Amino acid sequence: AQRVTQPEKLLSVFKGAPVELKCNYSYSGSPELFWYVQYSRQRLQLLLRHISRESIKGFTADLNKGETSFHLKKPFAQEEDSAMYYCALSGAGEYGNKLVFGAGTILRVKS
Amino acid sequence: NAGVTQTPKFRILKIGQSMTLQCTQDMNHNYMYWYRQDPGMGLKLIYYSVGAGITDKGEVPNGYNVSRSTTEDFPLRLELAAPSQTSVYFCASNRGQGYTEAFFGQGTRLTVV
């Protein structure tokens with residue numbers, strides 16, 4: 001079964017502080033991992049994915065297959081980073097890949 | 001550039017009533033998904049479809065039905081609404097395996113009273 005766990009419902013940090021949003025997954029094959037973000041009053045949108053190995057808005061995430069983790073990190077938080085962040089996994093379903101999400105973490109960046 | 005469009009945006013249903021949440025996408029995506037978003041629970045997959053005529057259950061399919069007669073449309077049907085179905089519903093689509101960025105609709109806020 002595919003499962004994504006985000007242990008923190010809320011993460012509150014001060015502007016300029018480092019941020020780490022945790023994500024662990026359970027999947028027997030080779031998954032694709034993603035981070036999606038939902039800003040206030042906006043649609044859910046893709047932030048980054050592990051296969052791209054890119055940095056978006058200063059965020060990075062490294063897939064650690066040994067620890068089955070895909071934590072999202074940013075060295076210096078900005079107020080505009082405040083949003084809901086979802087970790088997601090794409091893995092094989094009966095007919096094709098299905099995309100499952102974790103419970104989400106609210107990030108609040110205080111000034 | 002419409003993307004994924006959901007209707008209605010808001011709806012209040014009485015217990016036992018039925019309704020269909022509409023979802024359409026104009027990106028010619030093969031895959032479409034329905035999720036519900038409950039506070040503290042994140043996004044739960046209800047049903048998904050990998051192409052016209054093919055649907056499969058997700059994590060929480062009970063109380064819902066779907067159909068996929070065209071590539072563009074993926075309606076979600078609630079037959080006998082229950083208070084437990086009060087939630088925000090999101091439709092999403094992507095091109096399929098290997099193209100897995102999903103695009104989301106704006107959501108439908110449903111209240112069952």
Side-chain angles (χ1 to χ4, degrees), chain A residues 1-11 21-27 29-52 54 56 63 70 83-106, chain B residues 1-6 9-10 23 25 27 29-61 66 68 74 87-109:
Chain A
Q2 300 166 199
R3 188 177 297 118
V4 177
T5 303
Q6 293 178 251
E8 303 141 329
K9 289 188 177 180
L10 171 66
L11 184 63
L21 301 171
K22 291 184 167 50
C23 172
N24 289 89
Y25 67 91
S26 173
Y27 183 63
S30 293
E32 290 186 70
L33 275 297
F34 307 84
W35 277 98
Y36 281 79
V37 60
Q38 188 176 28
Y39 299 105
S40 179
R41 297 188 181 84
Q42 293 188 27
R43 300 185 186 211
L44 203 67
Q45 59 189 283
L46 178 68
L47 180 62
L48 55 79
R49 49 187 166 178
H50 89 271
I51 58 173
S52 300
E54 59 200 343
I56 302 294
L63 178 61
F70 188 57
M84 172 73 92
Y85 290 81
Y86 287 99
C87 183
L89 177 155
S90 178
E94 183 173 355
Y95 300 107
N97 279 14
K98 56 182 179 181
L99 190 61
V100 295
F101 287 79
T105 299
I106 298 171
Chain B
N1 217 5
V4 179
T5 302
Q6 289 182 238
K9 290 184 179 176
F10 305 95
C23 176
Q25 51 92 7
M27 297 172 282
H29 284 169
N30 290 322
Y31 282 46
M32 295 187 75
Y33 309 83
W34 273 106
Y35 296 91
R36 56 179 288 171
Q37 184 184 42
D38 300 312
M41 304 296 288
L43 289 165
K44 295 286 189 185
L45 181 63
I46 305 171
Y47 272 95
Y48 71 108
S49 169
V50 303
I54 305 172
T55 62
D56 195 13
K57 295 177 181 178
E59 303 163 275
V60 290
V66 293
R68 184 93 182 274
F74 190 42
S87 188
V88 180
Y89 291 84
F90 288 97
C91 180
S93 73
N94 62 21
R95 212 185 296 179
Q97 289 178 256
Y99 301 91
T100 40
E101 177 180 357
F103 295 86
F104 281 79
Q106 286 193 307
T108 296
R109 185 174 294 276

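It should be emphasised that the depicted structure is a prediction, and the values quoted were computed from it without experimental measurement.
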Residue from B:Y31, B:Y33, B:Y48 passing side-chain contact (heavy atoms from CB on, under 4.5 Å) with A:L99: B:Y33
Worked check of side-chain contact (heavy atoms from CB on, under 4.5 Å) between B:E59 and A:V100: CA-CA 9 Å; B:E59 303 163 275; A:V100 295; 4.3 Å; yes
A:K9 side, atom NZ; B:M41 side, atom CE - distance, nearest 0.5 Å: 8.0 Å
Check: B:L45 and A:K98 side chains under 4.5 Å, non-hydrogen atoms: yes
Closest approach of B:V4 to A:R43 (non-hydrogen atoms, all atoms of both residues): O-NH1, 2.8 Å
Contacts of A:T5 that satisfy side chain to side chain contact (heavy atoms under 4.5 Å, CB included) - sequence neighbours left out: A:R3
Counterpart residues, salt bridge (Lys or Arg N to Asp or Glu O under 4.0 Å), relative to B:K44 (two or more places apart): none
Which portion of B:F90 sits near chain A, non-hydrogen atoms under 4.5 angstrom: side chain
Separation between CD of B:Q37 and CE of A:M84, rounded to the nearest 0.5 Å: 6.0 Å
Rounded distance (nearest 0.5 Å) linking atom CD of B:E101 with atom CG of A:L47: 10.5 Å
Chain A contact via B:L43 - side chain, backbone, both or neither, heavy atoms under 4.5 Å: both
Expected output: side-chain B:Y35 to main-chain A:F101 donor-acceptor under 3.5 Å: no
